[in-house]
Amino acid sequence: MSDIRVRFAPSPTGNLHIGGVRTALFNYLYARQQGGKFLLRIEDTDRQRSTPEFEQEILGSLKWLGLDWDEELVHQSARLERYREVAQELVSKGLAYEFEGAIKFKIPKTEVKVYDIIRGEVTYDSKEFDDLVIMKSDGYPVFHLAVVVDDHDMGITHIVRGEDHLPNTPRHILLYQALGWKSPKYAHLPLIFGADGTPLSKRHGAVAVSEYRNKGFLPQGLINYLALLGWNPGTPQEIFSLPELVKQFSLKRVIKSNAQFNPEKLFWVNGQHMRAMPGEDYEREITAFWKDKLPAMPEEKWRKIIALYRPRIQIYGELKEQTDYFFTEPEYADAAMTGEIRQNAVSMGLLRQLLETLGSLGDFEDVQVLDQKTKQVVETAGLKSKDLIHPLRYILTGRSATPGIFELMSLLGKETCLKRLAAFLS
RNA sequence: GUCCCCAUCGUCUAGGUUGGUCUAGGACACCAGGUUUUCAUCCUGGUAACAGGGGUUCAAAUCCCCUUGGGGACGCCA
């Protein structure tokens, strides 16, 4: 146990996005690793844009990610009196003054040093700063005042936030000094950008955590990938569970330069987690994900399908598009392939023969038997099994790449297979 | 414009504090090969980077300066 206390302070004016998660994650990792507290504060002083829905969305996303917080949630909207009190205190000390109904903090002209854990010492000259509005004319505090008062009152020892806040820090330090409070330590994280180098936004595709969740990403996949954006353990390890990250994380190893968000690597990391998780977890989760979104089928069949596709998908959401032939008839969209098979008299002959052979089978339960019977047909004709398997795969699934064809035939069932084969040959 | 931060393969990064062991390592992506009925998984190999210029030094990716480039902040938003 240590007395380290950090916080994540989102404002409920939008969904929790990738950048926010990364900030929350690094705070979480630092707190958990140091045996400190990870607190959550809702910065809802923008009355126009803050909504309870966004707040719920943010909390829900954090829970889904497994970034559980300590103690009670703090809402800035519940602390208005406190901010007014502090603002008045500054006014009465002559350190702030009223201006057009608002209150401005009189910036002392001095050199301000920020000691940043990641960047080292950064010096500002406050004569570059204008006096700072700390209370709006509507009686609500401005971010700068609320942050300082809350961080002080909540006993925050380390502020870990995005680098976009670095220029705010000297102003905050001045406020701490004016109030006679001890300033926390700071760590400013590098920012995350889209592939084109501009700040991450809707243009770059999904930015909200909920979108990733809806697409069937794993929380541990997203967390793992985001941890690697701006931090690395200094070892070749790339795949981490949350507890492993907690164990290995260090603010000292956070990178200084901004990073680009790379969806491809996120997919890869997610796929690694999907393959590494216990089979029963995979089964349970992907089943829950697709429940009510796909037509029902016998449990045993479903279990075999998802097992077959585990190495072939990187997110749960990919399953449907890959397995469409289980739910709808093949469309044979590849005209070249379709023509090639139809015009090849030899393979058409083989396929007819196969249709007959398979028709004489009792059912398609036994994959071995399907394999043997099919190969017999080809071998009798003196050809290679792939000469028949490739056209067969295409006819049964409309695809040229699928899991093992005999397993698929067994899952598709005798009736469907013979029907598709007969339809194609007629 | 002013102030601040940053700068190694296309991307994420190791190495930089203690300059030599770096003809710069790993991962994603890409290419080639292997395994497989195809695909995927998996395995092997390959292409690919120290932004530029000065300086310090016997020696610089590593230290210093300048330039360039990128980013951030300059709101009664947070």
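Chain letters run A, B, ... following the sequence lines, proteins first, then strands; residues in each count from 1. As the structure is a computational prediction, the values presented were derived from the model and not from experiment. Every heavy atom of this structure was used, including side-chain atoms; hydrogens, water molecules and symmetry mates were not.
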Kindly compute the distance separating CZ (Arg352(A)) from OG (Ser347(A)), expressed to the nearest 0.5 Å. 9.5 Å

Looking at the side chain of Lys386(A), which of rU37(B), rG71(B), rC42(B) is the nearest nucleotide? rU37(B)

Gln260(A) side chain: which of rA29(B), rU11(B), rG72(B) is closest? rU11(B)

Of the nucleotides rC4(B), rG15(B), rC12(B), which has the atom closest to the Val122(A) side chain? rC4(B)

Any base atoms under 4.0 Å from His144(A), or only sugar-phosphate, or nothing? Heavy atoms, all strands. base

Given the structure, check if the side chain of Thr402(A) and the base of rC39(B) hold any donor-acceptor pair shorter than 3.5 Å. no

Integer-rounded Å distance: rU13(B) P and Phe193(A) CZ: 12 Å

Report yes if the distance between the aromatic ring centroids of His172(A) and His144(A) is under 6.0 Å, otherwise no. yes

Got a second to check how far Leu174(A)'s CG is from Lys109(A)'s NZ, nearest 0.5 Å? 9.0 Å

Within residues 336-354 of chain A, residues whose heavy atoms come under 4.0 Å of RNA chain B: none

What I want to check is whether an N or O donor and acceptor connect the side chain of Arg312(A) with the base of rC39(B) at under 3.5 Å. yes

Using the C1' atom in both, what is the distance from rC50(B) to rA7(B), to the nearest Å? 10 Å

Check whether the ring centres of Phe38(A) and Phe8(A) lie less than 6.0 Å apart, and answer yes or no. no

Going by an N to O cut-off under 4.0 Å, is there a salt bridge joining Asp138(A) and Arg47(A)? yes

Between His152(A) and Tyr176(A), does the ring centre distance come in under 6.0 Å? no

